[in-house]
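What follows is a set of notes on a single structure, which appears directly below.
In what follows, chains are A, B, ... by sequence order, proteins preceding strands, each numbered from 1.
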Amino acid sequence: MRDPGARASSTPLVGGSAEPTLRDLSAPGRQAWSLPDLDVPRRNLDLPEMADAPPALPEVAERDLVAHFTRLAHRNFGVDLGAYPLGSCTMKYNPKVCDWAAELPGFRDLHPSAPAQLTQGILEAVVEAERILCELTGMSRASFQPPAGAAGELTGLLIMRAYHQEKGHPRHKVVIPDASHGTNPASVTLAGYEAVSVPSNAKGMVDIDALRAVVDEDTAGLMLTNPNTLGLFEEDIEVIAQIIHEVDGLVYYDGANLNAILGVVRPGDMGFDIVHSNLHKTFATPHGGGGPGSGPVAVVERLIQYLPGPIPTPAGDGAIVWEQPAASIGRVHGNHGNMLVVVRALTYMLALGGPGLERVAQRSVLNARYLEHLVGKEYAIPYTAPCMHEFVASAENLKKETGIRAMDVAKALPDYGFHAPTVYFPLVVDEALMLEPTETESPETVEALAKALLEIADVARQDPEYLHDAPHHTPVSRLDDAGAARSPVLTWFMEDSQ
Amino acid sequence: MRDPGARASSTPLVGGSAEPTLRDLSAPGRQAWSLPDLDVPRRNLDLPEMADAPPALPEVAERDLVAHFTRLAHRNFGVDLGAYPLGSCTMKYNPKVCDWAAELPGFRDLHPSAPAQLTQGILEAVVEAERILCELTGMSRASFQPPAGAAGELTGLLIMRAYHQEKGHPRHKVVIPDASHGTNPASVTLAGYEAVSVPSNAKGMVDIDALRAVVDEDTAGLMLTNPNTLGLFEEDIEVIAQIIHEVDGLVYYDGANLNAILGVVRPGDMGFDIVHSNLHKTFATPHGGGGPGSGPVAVVERLIQYLPGPIPTPAGDGAIVWEQPAASIGRVHGNHGNMLVVVRALTYMLALGGPGLERVAQRSVLNARYLEHLVGKEYAIPYTAPCMHEFVASAENLKKETGIRAMDVAKALPDYGFHAPTVYFPLVVDEALMLEPTETESPETVEALAKALLEIADVARQDPEYLHDAPHHTPVSRLDDAGAARSPVLTWFMEDSQ
Amino acid sequence: MDFTPHSDADVTRMLGILSLERPEDLFSHIPEHARLDGALDLPTPLSEPEVMARIGGMSARNTAGLTCFAGGGIYDHYLPPVVRALTMRPEFVTSYTPYQSEVSQGVLQVLYEFQSMVAAITGLPIANASLYDGPTAGLEAVNLAVAATRRSEVWVSRGLNPHTREVIETFAHARDLTVIEHPIVGGRTAWAHDAPGEPAAMVFGQPNYLGVIEDYDEAVALAHDKGALAIAAVDPIMLGTLRSPGAAGCDVAFAEGQPLGNPMSFGGPVVGLFAVTEKLMRRVPGRLSGRTVDRFGRTGYTLTLRTREQDIRREKASSNICTNQTLNAVAAAIHLSWLGPNGIRETANQSIQKAHYLAKRIEQIKAVHIGVDSAFAREFPVLLPLDPDEVVLAMAERGYLAGIPLPHHYPDLPGGLLVAVTEQRTKEDLDGYATALEEVIADA
Amino acid sequence: MDFTPHSDADVTRMLGILSLERPEDLFSHIPEHARLDGALDLPTPLSEPEVMARIGGMSARNTAGLTCFAGGGIYDHYLPPVVRALTMRPEFVTSYTPYQSEVSQGVLQVLYEFQSMVAAITGLPIANASLYDGPTAGLEAVNLAVAATRRSEVWVSRGLNPHTREVIETFAHARDLTVIEHPIVGGRTAWAHDAPGEPAAMVFGQPNYLGVIEDYDEAVALAHDKGALAIAAVDPIMLGTLRSPGAAGCDVAFAEGQPLGNPMSFGGPVVGLFAVTEKLMRRVPGRLSGRTVDRFGRTGYTLTLRTREQDIRREKASSNICTNQTLNAVAAAIHLSWLGPNGIRETANQSIQKAHYLAKRIEQIKAVHIGVDSAFAREFPVLLPLDPDEVVLAMAERGYLAGIPLPHHYPDLPGGLLVAVTEQRTKEDLDGYATALEEVIADA
Ligand SMILES: Cc1ncc(COP(=O)(O)O)c(C=O)c1O
Ligand SMILES: Cc1ncc(COP(=O)(O)O)c(C=O)c1O
């Protein structure tokens with residue numbers, strides 16, 4: 001089906017048809033590109049491996065291109081449009097001054113191979129961001145090469161491996177709680193380790209006895225996030241760290257939930273040895289529809305030598321130079337990591353300063369606690385410990401009573417103007433709804449969100465069918481995910497072979 | 001009703017509630033602003049006329065402010081979202097490179113009182129834009145002071161007045177066709193003239209005999225747009241000009257429709273003496289939801305001396321200086337006019353060059369002619385002359401047959417993804433639908449628009465009630481305009497007294 | 001470059017359907033001798049990178065980087081990135097005047113909020129959706145007063161922005177209005193209380209062009225005494241701390257709104273603010289966005305009191321304005337909501353404090369004086385022993401745009417330079433300015 | 001600054017409802033001795049203008065303004081304003097991974113189009129929705145090959161980007177993989193055809209790091225002969241004119257995608273492209289957007305084949321990637337649609353033509369040579385009689401970023417400097433570069 005033309009009918013504002021793809025909009029001879037004529041004499045170079053024809057890209061005019069992507073933007077929710085209480089993801093408001101910073105030509109148009117002498121400004125930004133990050137996490141030094149949290153995890157695990165290798169005890173197991181994020185076990189495998197799962201106890205925390213049972217001399221270390229994925233502070237954290245340290249294992253902090261504890265308690269002070277931070281969560285760099293992020297890894301003193309490098313380091317004369325850690329695990333990114341994300345994060349850190357960063361923790365917890373209080377009567381909170389910046393509620397009772405599941409509740413929220421929460425994670429809670437309002441939402445927004453959740457429960461009792469079909473006010477309704485996976489259509493070339 | 005909180009329920013994407021106002025969102029103590037502390041010693045100045053309290057502005061956090069205005073943007077159609085065939089308004093696509101140009105700090109951060117020696121770059125831009133504009137219109141010089149078309153009209157009329165005054169014959173009447181745009185008669189009044197209307201003939205053109213009948217020694221001049229507001233080229237234009245010139249009147253060209261004739265025929269060559277251009281129509285500067293525009297006035301040699309001034313003029317040494325025309329009517333803008341709009345227009349002119357500008361005329365007429373062809377069977381075209389860049393169709397037949405009026409047709413279009421056409425203008429056509437596709441729409445878009453218009457006629461026959469209630473897929477349905485005018489609520493202070 | 005989507009094949013196909021052969025046939029009904037036969041002297045088309053090089057070069061040949069002490073209505077206030085980012089949303093930028101209210105609720109609601117906030121700062125209940133700029137708003141104010149009073153004489157203070165006075169003159173000339181200027185003494189308007197005549201309006205700046213704070217009560221009382229409308233030209237940022245024209249009893253207030261959300265832009269596009277008493281509502285020029293409901297009772301906004309406007313009322317309209325400065329009004333609304341009551345007050349107070357700090361510094365320079373002996377706010381005239389035009393050029397070499405030379409408009413202030421200060425000027429800027437000025441004068 | 005909306009009164013009210021007294025009480029369940037008691041050594045908060053001055057100062061202390069001749073994967077191509085404007089739409093920038101498809105159709109459809117266009121340029125039918133960058137995409141390719149072949153040896157060309165080789169090394173070390181490097185001779189890979197071992201993959205650059213065009217057929221035939229996957233690291237812009245890896249029979253292609261729509265950004269964020277044959281579909285790392293229908297039969301898009309991913313499959317996932325580089329992929333998609341088939345070809349051809357023009361100019365400089373004797377595309381090594389690190393600094397003083405010094409990675413090219421050319425370099429730039437280089441060498 002070719003449907004060219006720049007109708008606006010795909011915008012939610014004025015209609016509901018699907019937006020054609022660029023290929024549908026393409027017509028031979030249309031053109032958006034514009035380049036000066038070649039200003040050197042054109043020579044016949046007779047190069048090998050030349051293609052007969054250019055690639056089969058669409059041909060569209062600038063006008064149609066702009067309309068297409070503008071309409072697609074109108075089919076997408078973002079933090080700028082409203083609250084996004086997606087648990088574990090810390091979808092807070094991203095200040096516009098950080099956009100300004102990342103657009104500065106001095107950063108944006110800089111080639112990564114320009115030598116340190118010519119790039120002192122951005123190196124200073126990295127050094128400053130490293131200092132603040134280490135102060136907040138209680139670590140000694142950090143590398144900004146890892147471009148996301150998962151890359152940080154892999155990096156941390158490779159540091160663990162290098163540590164044990166150097167000690168002459170290569171080990172094989174890494175312990176992770178059953179409630180951990182999927183990237184944790186996946187990183188463990190990628191790093192060549194075996195993932196050993198440890199269950200949570202009735203309080204939603206690591207079961208200390210179970211932990212003791214799995215930890216031995218073959219344990220390279222433990223990965224943990226605290227507050228954990230249930231939004232609870234692991235109260236026995238020091239005992240846990242001690243158990244691992246007793247076998248000379250290392251304790252890894254998955255920093256996805258750092259938001260809750262900024263300036264309150266530090267991973268380093270709790271006994272962690274390696275910490276990754278998600279700048280795209282805690283430090284307000286926008287998530288970009290799935291990325292880019294930045295997952296710097298910070299370590300305690302004795303692990304500095306293993307960090308990926310080189311790392312910008314102030315030399316005696318004040319100039320910043322690139323320094324390679326003595327026993328570096330090697331490179332984990334093609335260049336220096338997602339540097340412009342670091343610039344955004346630094347802008348945010350400098351704006352907030354110490355007091356502002358502490359307020360982040362306070363108010364993210366305040367908002368979560370408040371939301372939990374407001375919805376707790378309707379959606380059971382499976383654990384009794386007070387939540388931190390997020391909490392997991394269960395729709396299990398609602399399901400028993402009405403057949404309405406956590407997924408249905410989530411799908412109904414957009415009709416009330418909110419993004420959905422995370423559902424069915426962590427796996428230890430049935431019909432889990434994981435809610436994280438973040439500190440940038442006002443009390444009234446939290447109240448409106450609570451009201452919507454309570455109303456949905458009412459509707460579930462009165463008209464469950466309506467909720468089965470929710471959402472009703474979005475550009476598309478529920479999609480056939482099973483069909484998509486059964487006969488995948490991943491590119492428009494595959495459409496043709498359908 | 002105070003409804004604070006940053007719910008997103010007002011976005012068409014995810015729901016349909018009204019967006020609260022800033023006042024609803026305001027809460028005491030909230031704050032978006034941020035300024036450094038005063039860095040000079042604070043003195044008690046004891047100034048007179050100090051207020052007791054600051055103004056009653058809303059208090060909102062940056063997060064809520066961003067969500068509010070982003071959601072409001074989602075409630076607004078624009079050219080970037082799709083076709084906008086609003087007749088008389090030339091809502092063409094505005095190239096993004098022009099946005100880039102207007103954001104250049106060298107232009108954007110320039111104070112208007114900086115002397116010519118320090119602002120040669122922008123003065124060169126104005127001089128170059130003037131040259132191109134004069135070449136396109138067949139005029140000798142231009143002033144960019146008028147900030148919009150209507151201001152250009154007033155300026156032109158004041159030039160007429162100065163001309164006759166100098167000749168010792170102050171006159172009192174200005175002739176305008178009955179189909180003219182409302183700004184024409186309004187400007188005539190504002191300039192202290194009496195507006196004399198001349199009717200159109202059966203061909204949709206100025207009735208020459210009627211014109212002769214009203215023109216006399218008290219006629220200061222005539223205002224005309226050509227192609228006229230019916231989208232037709234006034235074929236007797238030279239005769240018309242001659243009639244006016246015979247009584248020493250001046251002929252004013254309302255350049256709102258210049259798009260259709262770029263590089264094809266020039267107002268100067270047809271006999272016009274004064275021409276205003278709407279840079280915000282013809283030269284692709286975006287309309288900004290109602291402005292800013294730019295309405296430069298260009299004149300023939302003998303009228304240069306009356307132009308508003310000063311005007312940037314190249315001096316002997318190549319430097320550009322501000323020059324005051326000898327008998328200038330005086331200032332019509334607080335500074336130099338909408339200079340950044342001129343920068344945008346120049347960027348557009350330089351990109352297109354001569355061939356591109358001629359293509360604008362060709363393809364805007366081609367698209368209009370094509371659309372007229374496609375919809376003409378259903379919506380009667382009241383005149384036989386071929387249309388230029390726009391045309392007026394009539395829904396009179398449809399109304400007789402189904403009761404569905406031009407307004408209903410217009411209101412139904414957004415449901416098909418298009419902006420509505422202009423309706424009930426010009427007044428000489430019953431149930432007028434004035435359609436201007438512009439040259440930046442593809443043939444497929446024009447076809448889709450035609451298809452929508454034909455479908456609406458079908459629906460009119462089958463389900464007129466549905467159309468009475470259209471649009472159905474917009475953030476609000478038809479509004480109570482009468483009620484709004486009867487008891488006006490123009491500010492939130494008036495809400496309180498309701 | 002070319003922004004038409006049509007390929008050659010498209011054109012051929014369309015022409016074929018229209019039974020035409022060549023594109024030129026589209027124009028065959030235009031009298032042939034009127035049609036252009038030779039090519040015009042127009043530039044050759046440029047590719048996008050070439051256009052950018054060309055325009056970028058022009059931009060670079062302006063000294064926008066000078067530390068700005070020029071004012072006169074256009075001020076270098078802090079413009080937060082968030083205001084700019086929101087203003088430039090394509091839905092605001094690329095839409096037309098919101099006639100079609102169902103798909104224009106965004107612009108309409110912003111304009112309603114703009115009107116509300118202009119009302120808030122001016123202390124007057126009704127504001128319109130923008131005029132071109134401050135001076136042309138002054139013209140509209142005079143036009144309104146003339147229509148409302150049916151009188152043809154206008155009293156203006158010489159302290160009113162000279163460009164506003166010129167725009168009023170241009171208009172008055174055409175309409176045979178008499179404009180009477182009242183002098184300034186020591187910086188303040190010395191109203192000729194017993195001048196003859198029946199003024200339609202009394203127009204004055206608050207603060208006036210020289211930065212001086214006028215006496216509201218005197219002006220308003222005199223105007224009302226004479227049966228005239230009291231019209232104040234205000235500085236919107238100063239309204240953060242000064243008494244509002246509404247509170248002072250003015251009938252009309254207008255302003256150059258640039259300092260709210262708009263870059264200096266070489267003077268345009270900026271935005272005219274316009275506010276009146278409830279009594280004058282139906283005489284307001286330009287667009288008004290009003291609140292109403294749709295057929296389901298949902299709140300919505302629409303252009304209202306349309307019978308004042310040219311497209312309905314034609315020659316009887318209250319003004320000829322059509323395209324206004326909506327996007328600049330959007331910017332102003334966003335900036336005002338960013339500032340809030342405390343931000344606008346702090347901005348005003350810091351600007352004033354810094355202006356007075358600078359004035360004190362300048363006073364210490366030999367042979368230099370402050371040109372007024374009345375209380376000023378954030379702007380003041382300096383009297384120099386040199387030609388101020390020359391001083392501006394010499395100061396530019398030292399990195400400062402020193403101010404606006406006054407002799408062109410105030411020949412009675414031969415060495416006058418109008419110096420404006422905003423909250424953006426740091427102590428370092430102020431001290432540097434004073435030092436540079438001292439040097440320039442010493443060097444002469 | 002503070003981006004939390006709460007006023008003090010809000011906090012008090014909320015705490016009250018929660019029966020708490022002070023904000024600190026929110027943390028009273030955290031073991032007390034773990035809690036911080038003293039303040040950390042963190043910066044004092046800054047106002048927005050202060051932050052901007054601070055960060056703006058850092059930006060200014062980088063020489064981004066140099067005319068760029070550095071490449072190595074990151075190139076200074078023309079980036080049209082329209083691509084940037086659309087990419088930075090807040091709906092794209094501020095959304096999360098599109099799990100919730102009903103409100104994420106925008107990002108999902110752009111990713112589907114991105115996948116389609118990556119497939120178009122690589123000539124392979126399946127592409128994913130982005131990886132971190134070129135080198136880490138190389139790691140994923142090796143990981144895929146290892147899993148698909150169940151082998152543990154990897155052959156890489158020394159012509160493969162050294163940073164990609166390093167990333168593969170880091171990973172190989174942890175996984176006990178053997179990496180065998182094959183030498184380059186005269187600029188091209190000299191594959192050791194009869195080397196022993198059972199490689200999982202053969203990985204090479206096309207063009208390779210030195211800019212040289214490799215022999216596809218030889219590499220692909222050898223790989224398939226050995227039972228290995230043929231994996232090409234490509235330059236996306238060069239695919240405008242070079243044969244695609246798919247057409248050449250490769251199993252996997254990956255690329256540093258920065259030149260498509262992304263500024264150089266000091267090397268990140270950029271974007272890794274990744275494409276495979278249909279057979280390898282279920283081994284692809286990272287996200288895939290797939291087309292499907294909603295319950296009314298309307299076309300829609302959704303993340304699909306999710307069972308490969310970490311959040312479903314945990315330790316058995318095909319990769320650990322979660323957050324990827326979506327926004328950079330959005331930029332690439334928009335740029336590719338701006339370029340179209342002819343724009344990407346013209347960009348490629350102009351870059352190549354200009355590179356060869358420059359090479360000819362440089363060859364004429366005394367004591368300077370081109371470091372390869374095979375056909376190159378838009379990048380080539382220059383052999384200098386001086387330390388290339390010093391030359392880069394000297395050239396910077398003349399306004400050029402001269403290239404990437406090679407000795408760090410290729411000690412066998414002691415005076416080597418890798419020079420890259422894009423369509424943006426004008427004849428004036430090229431001539432100027434050659435002249436400056438001549439001067440630098442003469443001055444030494
Ligand atoms: C708890 C947790 N750990 C790890 C990650 C992985 O981080 P990233 O998505 O940046 O790779 C996430 C984010 O999704 C997370 O929520
Ligand atoms: C025919 C015609 N004349 C004059 C004008 C007035 O121009 P402006 O809106 O720029 O004042 C317009 C625009 O609406 C118009 O269409």
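Interface remark: C:Val11 contributes backbone and side-chain atoms alike to the contact with chain B (heavy atom separation under 4.5 Å). In this structure, the portions of B:Arg43 lying under 4.5 Å from any heavy atom of chain C include both its backbone and its side chain. For a residue to count as touching a neighbouring chain, one of its non-hydrogen atoms must lie under 4.5 Å from one of that chain's; by this rule B:Pro58 touches chain C with backbone and side chain alike. Only the side chain of B:Glu238 comes within less than 4.5 Å of a heavy atom in chain C; its backbone stays farther off. Proximity to chain B (any heavy atom under 4.5 Å) is shown, for C:Asp389, by neither the backbone nor the side chain. Proximity to chain B involves both the backbone and the side chain of C:Arg314, based on heavy atoms less than 4.5 angstrom apart. For B:Leu35, the part lying near chain C is the side chain, with the backbone staying farther off; criterion is any non-hydrogen pair under 4.5 Å. Within the 4.5 angstrom heavy-atom criterion, atoms from both the backbone and the side chain of C:Leu336 approach chain B. Only the side chain of B:Met91 comes within less than 4.5 Å of a heavy atom in chain C; its backbone stays farther off. Within the 4.5 angstrom heavy-atom criterion, no atom of C:Glu256 approaches chain B. Looking at B:Leu352, the atoms closer than 4.5 Å to chain C (heavy atoms on both sides) sit in the backbone and in the side chain alike. Looking at B:Tyr93, the atoms closer than 4.5 Å to chain C (heavy atoms on both sides) all sit in the side chain, from C-beta outward. Of the atoms belonging to C:Pro125, it is backbone heavy atoms, and not side-chain ones, that fall under 4.5 Å from chain B. C:Asn342 touches chain B through backbone and side chain together, each having a heavy atom under 4.5 Å away. Proximity to chain B (any heavy atom under 4.5 Å) is shown, for C:Ile17, by both the backbone and the side chain. Only the side chain of B:Asp269 comes within less than 4.5 Å of a heavy atom of chain C; its backbone N, CA, C and O stay farther away. Of the two parts of C:Ser116, the backbone and the side chain both hold a non-hydrogen atom closer than 4.5 Å to a non-hydrogen atom of chain B.
Taking C:Ala119 as the reference, B:Thr491, B:Phe493 meet the side chain to side chain contact (heavy atoms under 4.5 Å, CB included) condition, with sequence neighbours excluded. Considering only residues two or more places apart in sequence or on other chains, B:His181 meets the ring pair (Phe, Tyr, Trp, His ring centres under 6.0 Å) condition with B:Phe425.
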Criterion ring-ring contact (aromatic ring centres under 6.0 Å, His included) on C:Tyr132 and B:His333, from CA distance to verdict:
CA-CA 8 Å; C:Tyr132 302 133; B:His333 186 263; 7.7 Å; no
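No hydrogens or angles considered: nothing links the side chains of B:Gln120 and B:Glu124 as a donor-acceptor pair under 3.5 Å.
A salt bridge does not link B:Glu19 to B:Arg75: none of the charged side-chain nitrogens sits closer than 4.0 Å to a carboxylate oxygen. We find that C:Glu346 and B:Arg42 are joined by a salt bridge, their nearest charged nitrogen and carboxylate oxygen being less than 4.0 Å apart. Residues C:Lys354 and C:Glu423 are not paired through a salt bridge, judged by the lack of any N-O separation under 4.0 Å between the basic side chain and the carboxylate.
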